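Here's the structure, in structure tokens; my notes come after.
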There are 2 protein chains.
Amino acid sequence: MKTGESDGLNQTPLDDAAIRREWRTGLISALLVLLLVFAAATRGGADIADPQTPQRLRGTGDLALVIERAKGSVQIVETSGNSRIAGVEGLGDLSHASAVFSRDQRYAFVFGRDGGLTKVDMLDQRIVARVVQSGNSIGGAISQDGSLVAVSNYEPGGVKVFKTDDLSLVADIPAEYGNGQRSKVIGLVDAPGHRFVFALWDAGEIWTLDFDASEKPVVTKYEDVGRQPYDALITPDGRYYIAGLFGEDGMALLDLWHPEKGVRRILPDYGRGNEKMPVYKMPHLEGWAIAGRYAFMPAIGSQEVLVIDMATWQEAGRIAVHGQPVFVMGRPDGRQVWVNFAFPNNDTIQVVDAEKLEVVKTFQPGKGVLHMEFEPRGEEVWISVRDLDELHVYDTATLERKAVLPADKPSGIFMTARASRIGL
Amino acid sequence: MKTGESDGLNQTPLDDAAIRREWRTGLISALLVLLLVFAAATRGGADIADPQTPQRLRGTGDLALVIERAKGSVQIVETSGNSRIAGVEGLGDLSHASAVFSRDQRYAFVFGRDGGLTKVDMLDQRIVARVVQSGNSIGGAISQDGSLVAVSNYEPGGVKVFKTDDLSLVADIPAEYGNGQRSKVIGLVDAPGHRFVFALWDAGEIWTLDFDASEKPVVTKYEDVGRQPYDALITPDGRYYIAGLFGEDGMALLDLWHPEKGVRRILPDYGRGNEKMPVYKMPHLEGWAIAGRYAFMPAIGSQEVLVIDMATWQEAGRIAVHGQPVFVMGRPDGRQVWVNFAFPNNDTIQVVDAEKLEVVKTFQPGKGVLHMEFEPRGEEVWISVRDLDELHVYDTATLERKAVLPADKPSGIFMTARASRIGL
């Protein structure tokens with residue numbers, strides 16, 4: 001703008017109105033540019049933004065992601081004040097979904113039933129990357145250093161591994177066995193040493209992927225581990241990988257400190273037995289509970305919680321419960337174990353005293369209790385009650401309900417503290 | 001600005017130069033106002049700010065706070081790229097200091113030697129509250145729900161408890177014993193149920209503060225637990241509180257699941273013995289290591305790491321090491337135990353194989369190795385090397401050094417993942 005370059009003495013001669021128009025145009029342009037820059041700036045942090053806009057600049061240690069299974073959306077909530085922060089839509093089929101978190105706890109990686117892998121920015125409250133990487137997937141895991149995310153697929157059966165940065169494909173591991181058939185993959189977890197471990201339902205095998213040396217993983221296969229592994233877990237120290245078996249009794253155990261010893265069978269007297277009791281819903285093993293030397297697991301097909309002595313890997317007892325257990329979750333201090341159940345008992349929660357090995361509380365939050373997640377130090381637990389479209393928050397000491405939040409057909413609840421845990 | 005109110009037709013008559021000056025003044029004023037607003041806006045979030053300005057909008061799961069003991073400052077670093085984010089000064093005497101974190105992992109509470117309690121906003125990178133609450137303090141803890149922060153004081157001996165919101169005083173518990181003397185307080189930890197537990201050096205007592213019911217805590221005192229408890233720890237499940245004894249052999253154990261059973265003595269054959277070996281630096285118990293059923297602790301006065309069977313609380317072995325151990329820290333998967341040492345051996349680190357119970361690596365990072373902190377899933381460990389003014393980051397699988405960062409006389413390193421752990 002020439003007229004602004006000097007004090008006005010050497011300007012090109014223009015009539016007064018033209019000068020004023022030019023000044024005004026310049027001023028308006030400058031204002032517009034600044035407003036645009038200002039708008040861009042406030043997108044990056046919202047301390048002074050519209051009060052309707054959720055605050056972005058905040059810690060991420062108390063965040064959680066809630067799956068809304070019917071809508072294909074997720075809620076971002078916080079557990080300090082127990083409130084909803086935001087919703088994010090467009091994640092595809094979340095009828096069976098789970099999530100893991102980046103090591104900075106800003107990003108969630110959501111595994112959808114339809115093979116969708118979606119990276120959600122929980123501070124900016126939006127999807128930042130999404131790939132549909134298979135036709136049907138069942139879950140995933142994030143590597144120890146946070147650089148890789150792996151997905152276990154039913155169709156086509158196998159595991160795909162992506163960079164967490166941009167979801168670019170790093171490795172594609174078809175779960176081939178026998179005469180080139182492909183198996184459904186279940187029970188995928190991360191393990192120390194930048195490894196992933198998973199089981200092959202159709203093949204009866206356990207495989208490890210070792211990314212320690214490079215982006216090309218070393219695959220190690222353990223065959224004949226047992227018929228139809230249906231889910232698996234890894235102990236919190238990342239040492240023992242244990243797969244439950246649907247097709248026969250017992251469980252399969254791999255000691256990752258000594259992979260050379262191979263997979264061994266434990267708990268030979270436990271299982272669906274000769275009668276093959278019907279299973280109304282596959283139990284989840286991931287949420288198992290540990291108190292001292294004992295581990296608590298959902299028994300498959302029977303209305304019992306299994307107690308296992310981890311020093312010997314022998315069965316140490318069974319606790320009769322209200323229905324077929326689905327999740328058996330330990331309060332972080334290990335003193336309580338919370339259990340939910342398969343249909344038709346999925347309106348109920350039972351709390352087990354981990355020392356007395358007995359049920360101390362039974363209550364009905366409502367129909368469709370699908371998941372529970374304890375706050376990291378265990379003072380409260382969040383429960384999704386699908387048919388009420390509600391999340392319930394309970395004080396774990398008094399067992400009183402502290403908060404109810406609306407949610408559309410909620411299922412899985414995932415807290416960011418998982419980012420700092422092995423195998424979650 | 002009158003001349004801007006219309007299209008120029010109805011303006012007050014002014015000469016051309018005056019009109020131009022007025023426009024220009026108006027434009028410059030508008031620009032200045034917008035720049036100020038813009039500057040205020042970008043303080044709230046810095047995605048587009050000056051590249052010199054550290055980014056504020058970010059996850060907090062990979063942050064750590066490093067004490068710079070001589071300058072009274074802290075560094076904020078991140079463990080994903082292993083880089084420095086910012087420094088914050090003005091925390092007083094940090095010659096012996098530690099930190100805990102708010103449950104959202106945004107705020108650090110730093111306990112200084114001079115009784116200073118400082119709340120640092122790690123995203124805004126500044127002090128938001130500070131009180132000098134005693135003449136000489138030794139550490140602190142944050143309650144299970146994150147609402148209270150407690151400080152253990154030498155002078156005057158006792159515990160003060162503050163709201164984490166604003167550091168307003170909630171409770172003042174003088175550590176009185178005998179004829180009204182006051183004892184130094186050590187080994188303060190949080191426990192499930194909104195409790196704090198600590199020990200009284202001069203009195204030989206262990207006290208619990210229970211805030212479960214209200215802001216007025218219930219104090220429970222256990223007398224005659226042993227002479228001169230010098231530090232203490234709580235097991236990761238928050239069940240067992242164990243105090244080391246300086247004045248006699250053995251350790252004091254309180255089962256917080258059964259406080260009615262009182263404190264019992266364990267490890268009667270362990271201690272400084274009749275000869276009362278000199279102790280060059282008090283070992284820290286907080287960082288003890290657990291692998292399976294075994295716990296590893298620094299032996300006081302001798303060049304050994306103590307191995308304890310947690311099923312029986314009997315001594316299970318001793319591992320000869322390079323010097324008097326100060327910190328004995330377990331890698332999060334429990335397979336390795338890292339040990340540093342008191343002067344004159346404080347230039348050395350030893351790595352113990354937790355299964356073979358033997359030293360597998362000895363190396364010298366440099367003089368003044370004061371602290372170690374593992375990243376939450378254990379792939380790397382950070383070490384402060386005071387006399388080199390450096391932080392070293394090691395890959396825990398290869399034991400290779402991955403990064404070196406400058407720091408002024410660094411001591412304690414505290415990662416935000418502690419916020420989600422009981423007793424840290």
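The chains referred to below are lettered A, B, ... by the order of the sequence lines, with proteins before strands, and numbering in each begins at 1. Just so it is clear, the model here is predicted, and its values are computed rather than measured.
- Residue A:Ser80 touches chain B through both its backbone and its side chain, counting heavy-atom pairs closer than 4.5 Å.
- With a 4.5 angstrom heavy-atom cutoff, B:Glu380 does not touch chain A via any of its atoms.
- Within the 4.5 angstrom heavy-atom criterion, no atom of B:Ile234 approaches chain A.
- Between A:Arg239 and B:Glu355, some side-chain heavy-atom pair lies under the 4.5 Å cut-off.
- Heavy atoms of B:Asp190 lying under 4.5 Å from chain A belong exclusively to its side chain.
- For the pair A:Arg377/B:Arg103, no side-chain contact is recorded, criterion being any heavy-atom separation below 4.5 Å from C-beta on.
- The shortest heavy-atom contact between A:Asp237 and B:Asp333 is O-CB, 3.2 Å.
- A distance of 12.0 Å separates OG of B:Ser420 from CE of A:Met415, quoted to the nearest 0.5 Å.
- Note that CG of B:Asp62 is 8.0 Å distant from OG of A:Ser102, once rounded to the nearest 0.5 Å.
- When side chains are defined from C-beta on, B:Gln105 does not count as touching A:Arg58, because their heavy atoms never get closer than 4.5 Å.
- In this structure the side chain of B:Glu78 never reaches within 4.5 angstrom of the side chain of A:Asp104, judged on heavy atoms.
- The main-chain N or O of B:Thr60 is found under 3.5 Å from a side-chain atom of A:Thr60 such that the two form a donor-acceptor pair.
- Within the 4.5 angstrom heavy-atom criterion, atoms from both the backbone and the side chain of B:Thr79 approach chain A.
- Here the side chain of A:Arg106 pairs a donor or acceptor atom with the backbone of B:Leu57 at under 3.5 angstrom.
- The most heavy-atom pairs under 4.5 Å with chain A, out of B:Met310, B:Arg335, B:Arg293, come from B:Arg335.
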Item checked: B:His194 vs A:Glu379, side chain to side chain contact (heavy atoms under 4.5 Å, CB included): CA-CA, chis, key distance, verdict -> CA-CA 9 Å; B:His194 313 293; A:Glu379 67 272 27; 4.3 Å; yes
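- With a 4.5 Å cut-off on non-hydrogen atoms, A:Arg331 does not touch chain B at all.
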